[in-house]
Amino acid sequence: MRAFISIASRIIVVLVVAAAIVAGRALFFHEGSYQPSSVAMPGYTQVAVPPAPTTEFTDNFTKGSGIVLVDLAHRNRFFREELSPLFLPLVSRGLTVRFLSPADNLEKELLGDTEEEKGNGETPANGEEEVALNDGNEEEKEAPADVFIIIAPQEEFSNDALKTVKKFVDKGGKLLLIADPTRSGTQINKLAMGFGLIFESDYLYNMIENELNYRNVFITDFKQNGVTGKLKKIALYTAGSISSADAGIAFTGGNTFSSLVESRQRLSPIALTSDDKILAVYDITFMTEPYNGILDNNQLIANIADWVAQKGKRTTSK
Amino acid sequence: MKRFLRRVFTSFLFFMLVGVALGIAVAVPVIPRPKIVTISISGPMLDQAFTDDALDTLRKLGKDNSVRAVVLQIDSPGGGASLVEPVYLELLRLRQKKPVIAVVGSMAASGGYYLAAAADYIYAQPTSQVGSIGVFSGLPQAEQLAEDLLTSGLFKATGGSKRKAIEELEMVRQEFVSAVTLQRGGRLTLSDQQISLGALYLGTDALRYGLIDEIGPVTVAIERAAEMARIRNYEVVKKTIFQPLPFFFFFSVEQMKAQISSAPGYYYLYFESK
């Protein structure tokens, strides 16, 4: 019995000392135990985007005639093919679309032959001749343009060219000015400012209501006229704002801002001068596939084509 | 009597020493000296080797009982989305076992902040740059048709339409914002729209908006980690995740376009828009 107690007590001593060592070490390194808080693991099923708001559209138009000159003489930053949603309605309306190359005579294309040239029967030498869309008859080929379309020029218009364009407008010609903030280097303001329009160096954005991206803004506020007729809602894709005295015809809403100016204001990416001669549009993308099919974009393009097709009254004196 | 007492004392001492030896033999492996591991993530995360190394390191740290807390030192403008996301998810798994603290050095932008958001607590310096929550990607270009190269489907060569690419960009944006709001929770004072602006904030501003929790250097972060893990007299071990590009390597717009065309995808990356 004494032996048993002796052995038991020794074992107890060993265990107690060992336990003390273990406990001492634990207390030396630990103040307590860590209880991890619950970690929210992400679920990926709730991520979704709305479907594309495409709209069925039928282009109803009246066929007419006229000549549209499209500027390709100033390193214009666009491809003809990408703007087929714009050019096709023009051609459908019976318009002849000509392209101005750098070697062409702008004055002749916009204002026609001088009396002397007509009398002499001379045809001023041209450079390489651009092939026109809907190649009209001989008379149309020689006739000056009714509408001049300038899209994202990367070169400034010279002073002489500016004078020619001004004269063209004074005589009843119409201008369609198109730019896009993503086509950087565009030199359109020297021309536009002569008609009271400024294409600002900004883009419009809306963080709350947009067409899948903050740079794709909706426009629902329109001043009623031919260009905005039948429009309820359009989507513009990285559009810019055009400043003018009062030429704006489409306006941004409360949550759409300009990248240039942080304060809230009513901005206009589409403008039409009061004499109905200059139409300015500050987005190209909405006129390209597939963006033209979104909301009322095709209707806007058709309205622009109708505006182009409506010829202004031309005065004949030079 | 004296001899008896001496015998008892010697026997007692002997078994005490046995107890000490046994105690040490058991205590040292069972209660190792606790470690806090600091992991340095520096530079753009654009290499699969980075993700592989990060996942391997984090898994080992999760299994190692001697590691009681992890401190992430982040100095990164972000990286490829599919390279950042697995590391984020692994950090969340690690956080289920032990505290994870993030410390921002000069920058935790985009993917860098994505990883920081996975932590229990975030420190930054007063002039750290934090945020740039957002994603970018290139849009598919028109397919180049060739007579002698056929694909089996409309989108085989492009991956999808431009519309689909924009939809996916929006979905990835939502995922990023959700990843941040899920982990930061009520600490954030910014709305989803404000977060989506993708702004970079100074450390002091980031504190005000709840993007980080406190201003402080890595030494404070280590103490915080120890406090959360309830340890003392710990060892600090440093590890670095494989990073082929240095921290100061910033991308310009042209470099990003080249990067996207050589490795199309989505990027949680801050770059200088020059």
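Below, each value reflects all heavy atoms present in this structure, side chains not excepted, and no hydrogens, waters or symmetry copies. For clarity, every value in this text was computed on a predicted model and none was experimentally measured. Lettering follows sequence order; numbering is per chain, from 1.
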Legend entry - More than 12 heavy atoms of other groups within 6.0 Å of B/Phe12 CZ: no
Legend entry - Heavy-atom side-chain proximity of B/Leu169 to A/Asn213 below 4.5 angstrom: yes
Inset, instruction - With a 4.5 angstrom heavy-atom cut-off, could you sort out which part of B/Asp192 is near chain A: side chain, backbone, both or neither? - result: neither
Legend entry - Distance (rounded to the nearest 0.5 Å) between A/Met207 CE and B/Leu197 CG: 4.5 Å
Inset, instruction - Answer yes or no: is there a side-chain heavy-atom contact under 4.5 Å between B/Phe15 and A/Val13? - result: yes
Legend entry - Toward chain B, the part of A/Tyr214 with a non-hydrogen atom under 4.5 Å: neither
Inset, instruction - Examine whether an atom of B/Phe14 lies under 4.5 Å from a heavy atom of chain A, and if so say whether it belongs to the side chain, the backbone or both; otherwise answer neither. - result: neither
Inset, instruction - Check whether any side-chain heavy atom of A/Arg25 lies under 4.5 Å from a side-chain heavy atom of B/Val28, and answer yes or no. - result: yes
Inset, instruction - With A/Ile21 as reference, evaluate B/Val26, B/Ile31, B/Val20, B/Leu22 under the side-chain contact (heavy atoms from CB on, under 4.5 Å) test and give the passing residue. - result: B/Val20
Inset, instruction - Please name the pair of heavy atoms, one in A/Val22 and one in B/Gly23, separated by the smallest distance, quoted to 0.1 Å. - result: CG2-O, 3.8 Å
Legend entry - Check: A/Phe28 main-chain N/O paired with B/Asn233 side-chain donor or acceptor under 3.5 Å: yes
Legend entry - CE on B/Met228 to CD on A/Gln35, rounded to 0.5 Å: 12.0 Å
Legend entry - Most chain A-contacting option - heavy-atom pairs closer than 4.5 Å, from B/Pro99, B/Ser161, B/Pro32, B/Ala229: B/Pro99
Legend entry - pair B/Asp120-A/Pro36: side-chain heavy atoms closer than 4.5 Å: no
Inset, instruction - Among the options B/Glu170, B/Glu227, B/Arg163, pick out the one with the most heavy-atom pairs lying under 4.5 Å from chain A. - result: B/Arg163
Inset, instruction - Inspect the contact between A/Glu289 and B/Lys162 and indicate whether a charged nitrogen and a carboxylate oxygen are less than 4.0 angstrom apart. - result: no
Legend entry - A/Met41 side, atom CE; B/Arg95 side, atom CZ - distance, nearest 0.5 Å: 9.5 Å
Inset, instruction - Kindly indicate whether the side chain of B/Val18, heavy atoms from C-beta on, has any atom under 4.5 Å from the side chain of A/Arg10. - result: no
Inset, instruction - Determine which residues belonging to residues 179-187 of chain B lie within contact range of chain A, meaning some heavy atom pair is under 4.5 Å apart, and list them by number or answer 'none'. - result: B/Leu182, B/Gln183
Inset, instruction - Measure the OG-CG distance between B/Ser196 and A/Asn210 for me, rounded to the nearest 0.5 Å. - result: 9.5 Å
Legend entry - Heavy-atom side-chain contact between A/Tyr34 and B/Arg68 under 4.5 Å: no
Inset, instruction - Tell me, out of A/Val16, A/Val49, A/Ile11, who's got the most heavy-atom pairs with chain B below 4.5 Å. - result: A/Val49
Legend entry - Pairing residues for A/Thr288 by the side-chain hydrogen bond (donor to acceptor under 3.5 Å, both in side chains) criterion, not counting sequence neighbours: none
Inset, instruction - Measure distances from B/Val172 to the heavy atoms of chain A and classify the residue's part below 4.5 Å as side chain, backbone, both or neither. - result: neither
Inset, instruction - Name the region of A/Ile12, side chain, backbone, both or neither, that has any atom closer than 4.5 Å to a heavy atom of chain B. - result: neither
Inset, instruction - Assess whether side-chain contact (heavy atoms from CB on, under 4.5 Å) is satisfied between A/Glu31 and B/Arg232, documenting all intermediate values. - result: CA-CA 7 Å; A/Glu31 292 173 356; B/Arg232 52 188 163 205; 3.7 Å; yes
